[in-house]
Structure formats: C-alpha cells, structure tokens
**Student:** 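Structure incoming, see below.
Both backbone and side-chain heavy atoms feed into the values below; hydrogens, waters and symmetry mates do not. Since we're looking at a predicted model, the values are computed, not measured. First listed ligand is number 1; within each ligand, the first listed atom is number 1.
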Amino acid sequence: MTAVVVVGAGPVGLSAALAAAAQGLETVLLEARPRGEARPGSRALFVHRATLDRLSGISPGLGEAVAARGLVWTTKRTLWGGRQVYARSYGASVSPPFTSLPQTVVEDLLREACDRAGVVSVWGDAVVSVSPRRDHRVRVRTASGAAYDASYVIAADGARSPVREQVGVSLEGSTEATEFVVVDVAEGPQPAPAERVFHYRHPAADRRNVLLLPFRGGWRVDVQCRPGDDARRIAGDPARWLPGVLPQVPDARVTWVSVYRFQRRIASSFTDATGRVLLAGEAAHLLPPFGARGMNSGITDAVEAARAVQEGNTGEYARRRREAAERNVRAAGAALDHLLARRPGQRVAQRAAAAVAPLWPRAGRWLDAAPYGPRLRSVQY
Ligand SMILES: Cc1cc2nc3c(=O)[nH]c(=O)nc-3n(C[C@H](O)[C@H](O)[C@H](O)COP(=O)(O)OP(=O)(O)OC[C@H]3O[C@@H](n4cnc5c(N)ncnc54)[C@H](O)[C@@H]3O)c2cc1C
C-alpha cells in the first residue's frame, strides 16, 4: 500500500509530493496531462518570500533556485490619470522579498526536485475515481485501469477538481461580473526597467485601471474592464491599445491573451468525511490574482497537508487551512472592493487621495497598496 497518492501535478501537487517525500512517505503522483505538455493560459508570476522559504524547507536550495530564475523589481509606481501619485525604490537585497517568474518555470524546478527526491510520478493517466473504504484505505483508479491503495490522498487537481466532486465536497462562493483582460508579452533584446506600475484611469486605456507587472523575460498587463465593456473585443485586438499602455516595451511580442473574472470560492470542507482525502490549492479555494495568494497559499496547503498525513492529524489541517483561505478571501474582497469602487464615497476618497498625494505621501501609499488588499503576515498565506 502507498502512503500517499497525490492527484495533479500543478505547482500544488508537485509541492505536496515533494513535501510528502521529504517526510519519508512513499509517494505516488498521478497527473492527467502527458509530461512536458505545455499548459495554455496566464498563471502565477509573483512568488512570496515565505513561499521561497517553504520550498527550501521541502527541498534544500529549491527556493534559491526559483529566486535565481526570477526577477525582483526595485521600483513600484502608481499613477492617476497618467500623473504619478506614488513611487518607491528599494535597494537590491541578498534575500529578496519576492520574485516574479512564469509559473511554468516554478513547475519545471519542482518536477526536477520531485525526480531527485524519488517521487514516483505517472503522467498522461487521469484519475477517474477515488473511494475511501472501511479498512482506512483509499482506492484510486485511473483512466488506464490502474488502481492504487493509499493511506491518504492529497487532491491538488485544480479548480474543477474531479476528486472534490467524487468525495462530495462543494465549492462555495461567488464570481464577480467585472472582467479583466490579461496579456502576457515577451520583451525584445532591450529589457525595460523592471518596475511594477499600477495605473488608475490610464489615459491610453480609455481611463480603465491597468496593472503592469514585469517578470523575467516579459511583462503581464492586466486591464480592468468597465461595466458594459466587451472584454473579448479588447482582448481580440491588443495591438490597438498595448503600445500606449506599455510604451516602455516598444518591441513587445504578445504571447498570450485571456479574459478572466475574479472568483472567491472555498471548499465546504478541506477533507472528505473520513479525513483521508485532503484538498489543496485550487481544488480547495479560488482566489483573485491580485494579491498573489492562489499559488502561494496552495503551496502552504501542500506542505501542511504532507505534515498532517505524517502526523495523522488531518482534521487540524482542514481547520487551519480553511481559516487561512477565509482570511485570503476577505483580503481579496477588500482589494476588489477598492478596485471596483462601487460606492460614491470610495470614488470620492480615491480622487481626494490622488489630489493630495503630492503633499501627503500617505495618501499616495494608500492608493498604491489598496489594490492588493490588506497585507497578511506571511504565515497566513
Ligand atoms: C492570470 C492569473 C494570474 C495569477 N497570478 C498569481 C500569482 O502571481 N501568484 C499566485 O500565488 N497565484 C496566482 N495565480 C493563481 C495560480 O495560477 C493558481 O493558484 C495555481 O495554478 C493553482 O495550482 P494548483 O496546482 O492548485 O492547480 P493547477 O495549476 O490547475 O493544477 C492542477 C493539475 O491537476 C491536473 N488534473 C486535473 N484533473 C486531474 C485528474 N482527474 N487526474 C489527474 N490529474 C488531474 C491538471 O492537469 C493540472 O496539472 C494566478 C492565476 C491567474 C489565472
């Protein structure tokens, strides 16, 4: 019998498998996609310091390897209608507070670490059923007909989580009506200065809010659509507006465009009724990208799930990680509330802050920080 079967080899499943192997547990990782198959879509860029430390905790040097492949911006700016209301630069640090790189690179490094740690991984074979049994085992079956008996299953099979459905856990919460257009671009041979820039009412984007995030090798552009916008039309023709929004990258090459809506959803329970199937990452919670809590908190789930399995205390895992997800959802809600500014009072406060920011730096700092939600202590991700 296998100690742990991990379902899904996204960043959370790979981390869970690595953490379980680091605990000395015999681990099998099952993934539906063939190994090396590219995944479409924009995903995580921003990896927090606490996550880098967690990765090094389960595989010595892994956090450092991720940091070495990423980019740390040393300036952040906020503008209101094209006028700067806040800027801050910091010196480079030996121990960077975060790093910014494509999620695919993080996954590559995790996969290599899993191989080194002796995790048995099976690719291209989807899990089709997960059945907890009376003898404290969980029987896992795959599309190819293979069967595994495990003491525990960690389900990291993403937002649609077939395992979550199988064990009868629901995902509760809401999806916002507002759409965001996200564009990933690769920069040319002349890299632009690495600065995170948030624009309220960007003049070149018909006064929509725009976030510009650099990462190693490129930029992510998030455009917040207004009510009544045709997001697909905006997404369908980035060449029309991108040069005005990202003039610092004149040779930008668009690599991916998508439209997404903010979701705030949490699983009704982070384990099944027997406590032998644990949910982690997007199988357990969906969070808006602003604030970068999705993958970061999913990796904490992964590490804590492996520890809970080792200690046989999965009830405590379910309680603690659900509480963390609730905090993350509340923080994301505060960020969203600020971005959407639905109440007239909020709009007045933001306009007033923009007006007084040159004289009162605290107002500029508030405008700069608010789109990401309240700062949480790192352990809470
Ligand atoms: C635009 C955007 C920006 C983001 N930015 C950030 C950010 O900066 N920082 C951050 O922390 N987060 C961010 N996120 C969120 C982050 O991308 C997700 O939280 C993360 O991908 C979730 O990882 P996961 O491993 O839980 O799920 P996934 O990455 O979805 O992986 C699930 C895996 O399970 C596999 N699978 C599914 N079904 C089965 C099955 N039946 N059998 C076997 N395998 C199966 C899938 O093939 C997949 O490989 C962002 C998301 C978006 C959309």
Side-chain angles (χ1 to χ4, degrees), residues 5-18 28-48 50-52 54 66 70 98-104 106-107 110-111 121-130 140-144 146 148 153-166 179-184 196 211 213-215 220-223 235 256-263 265 267 279-302 305 321 325 328 332 372 381:
V5 165
V6 177
V7 185
V12 176
L14 288 161
S15 301
L18 195 52
V28 174
L29 174 64
L30 302 175
E31 166 58 48
R33 284 175 293 123
R35 186 169 176 134
E37 184 183 85
R39 283 209 284 172
S42 291
R43 287 169 206 281
L45 293 178
F46 191 96
V47 183
H48 291 281
T51 304
L52 297 173
R54 259 178 207 112
V66 170
F98 65 87
T99 195
S100 178
L101 76 173
Q103 182 173 318
T104 48
V106 177
E107 290 174 15
L110 278 164
R111 221 170 21 238
S121 53
V122 180
W123 297 78
D125 196 10
V127 168
V128 292
S129 81
V130 170
V140 179
R141 289 187 186 280
T142 66
S144 73
Y148 302 82
V153 168
I154 299 177
D157 51 344
R160 294 201 177 94
S161 183
V163 176
R164 187 183 62 229
E165 271 192 20
Q166 283 263 320
E179 292 180 305
F180 285 73
V181 173
V182 53
V183 182
D184 284 339
R196 189 278 273 147
L211 174 65
L213 276 184
F215 59 89
R220 159 93 33 97
V221 180
D222 280 278
V223 179
W256 193 262
V257 188
S258 49
V259 174
Y260 66 82
R261 289 197 161 129
F262 280 8
Q263 301 212 54
R265 294 182 186 273
L279 304 181
E282 289 206 336
H285 46 74
L286 293 179
L287 300 166
F290 276 63
R293 296 190 167 88
M295 182 180 75
N296 283 285
S297 68
I299 289 176
T300 308
D301 294 345
R321 292 316 295 161
N328 284 320
Y372 311 99
Y381 285 111

**Student:** Got a donor-acceptor contact below 3.5 angstrom from the Arg220 side chain to the Ala44 backbone?
**Tutor:** no
**Student:** Among Glu165, Glu37, Glu282, whose heavy atom sits nearest atom 26 (O) of ligand 1?
**Tutor:** Glu282
**Student:** Report, in ascending order of atom number, the atoms of ligand 1 lying under 4.0 Å from any heavy atom of Pro11.
**Tutor:** 23 (O), 25 (O), 29 (O)
**Student:** If you have a sec, work out which protein heavy atom is nearest atom 28 (P) of ligand 1 and how many Å separate them, to one decimal?
**Tutor:** Arg39 NH1, 3.5 Å
**Student:** Of all the non-hydrogen atoms in the protein, which one sits nearest to atom 39 (C) of ligand 1, and at what distance?
**Tutor:** Asp157 CB, 3.9 Å
**Student:** Run the numbers for me: atoms of ligand 1, each under 4.0 Å from some heavy atom of Gly8, listed by number.
**Tutor:** 33 (C), 34 (O), 35 (C), 44 (N)
**Student:** For ligand 1, indicate whether the residue Arg160 contacts it via side chain, backbone, both or neither (heavy-atom separation under 4.0 Å).
**Tutor:** neither
**Student:** Testing Ser258, Pro289, Pro102 for side-chain contact (heavy atoms from CB on, under 4.5 Å) with Ser42, which one passes?
**Tutor:** Ser258
**Student:** N/O to N/O below 3.5 Å, does that happen between Val12 and ligand 1?
**Tutor:** yes
**Student:** Tell me whether Ala283 has any N or O atom under 3.5 angstrom from an N or O of ligand 1.
**Tutor:** no
**Student:** Do Val182 and ligand 1 have an N or O pair less than 3.5 Å apart?
**Tutor:** no
**Student:** Does Glu107 reach ligand 1 with a nitrogen or oxygen that is under 3.5 Å from one of the ligand's nitrogen or oxygen atoms?
**Tutor:** no
**Student:** Please determine if Tyr260 has a nitrogen or oxygen closer than 3.5 Å to a nitrogen or oxygen of ligand 1.
**Tutor:** no
**Student:** Of all the non-hydrogen atoms in the protein, which one sits nearest to atom 50 (C) of ligand 1, and at what distance?
**Tutor:** Ala44 N, 3.8 Å
**Student:** State whether the number of non-hydrogen atoms from other residues, nucleotides or ligands found under 6.0 Å of Arg160 atom CZ is greater than 12.
**Tutor:** no
**Student:** Which atoms of ligand 1 have any heavy atom of Gly281 under 4.0 Å away?
**Tutor:** 26 (O)
**Student:** So which heavy atom in the protein is nearest atom 12 (N) of ligand 1, and how far is it from that ligand atom?
**Tutor:** Met295 N, 3.0 Å
**Student:** Which atoms of ligand 1 sit under 4.0 Å from any heavy atom of Leu30?
**Tutor:** 43 (C), 44 (N)
**Student:** Answer side chain, backbone, both or neither: which part of Val7 comes under 4.0 Å from ligand 1, heavy atoms only.
**Tutor:** side chain
**Student:** Ligand 1 and Ala280, any nitrogen or oxygen pair closer than 3.5 angstrom?
**Tutor:** no
**Student:** Just checking Arg35: does its CZ atom have more than 12 heavy atoms from other residues, nucleotides or ligands closer to it than 6.0 angstrom?
**Tutor:** yes
**Student:** Just distances here: any N/O of Ala32 and N/O of ligand 1 closer than 3.5 Å?
**Tutor:** yes
**Student:** Number the atoms of ligand 1 from 1 as they appear, then name those within less than 4.0 Å of a heavy atom of Ala126, with their elements.
**Tutor:** 42 (N)
**Student:** Which one of Arg43, His48, Gln103 has a non-hydrogen atom at the shortest distance from atom 21 (O) of ligand 1?
**Tutor:** Gln103
**Student:** Return the closest protein heavy atom for atom 42 (N) of ligand 1 as residue, atom name and distance.
**Tutor:** Val127 N, 2.9 Å
**Student:** For ligand 1, find out whether one of its N or O atoms is nearer than 3.5 Å to an N or O atom of Arg220.
**Tutor:** no
**Student:** At what distance is the nearest protein heavy atom to atom 35 (C) of ligand 1, and which residue and atom is it?
**Tutor:** Glu31 OE1, 3.2 Å
**Student:** Please write down residue, atom name and distance for the protein heavy atom closest to atom 9 (N) of ligand 1.
**Tutor:** Phe46 O, 3.3 Å
**Student:** Counting heavy atoms only, which of Gly10, Gly158, Ala292 comes nearest to atom 27 (O) of ligand 1?
**Tutor:** Gly158
**Student:** So, regarding Ser42 and ligand 1 (criterion: nitrogen or oxygen to nitrogen or oxygen, under 3.5 Å), is there a contact or not?
**Tutor:** no
**Student:** What atoms in ligand 1 come closer than 4.0 Å to a heavy atom of Pro162?
**Tutor:** 38 (N), 41 (N)
**Student:** Could you tell me which atoms of ligand 1, counted from 1 in the order shown, lie closer than 4.0 angstrom to a heavy atom of Ala156?
**Tutor:** 32 (C), 33 (C), 34 (O)
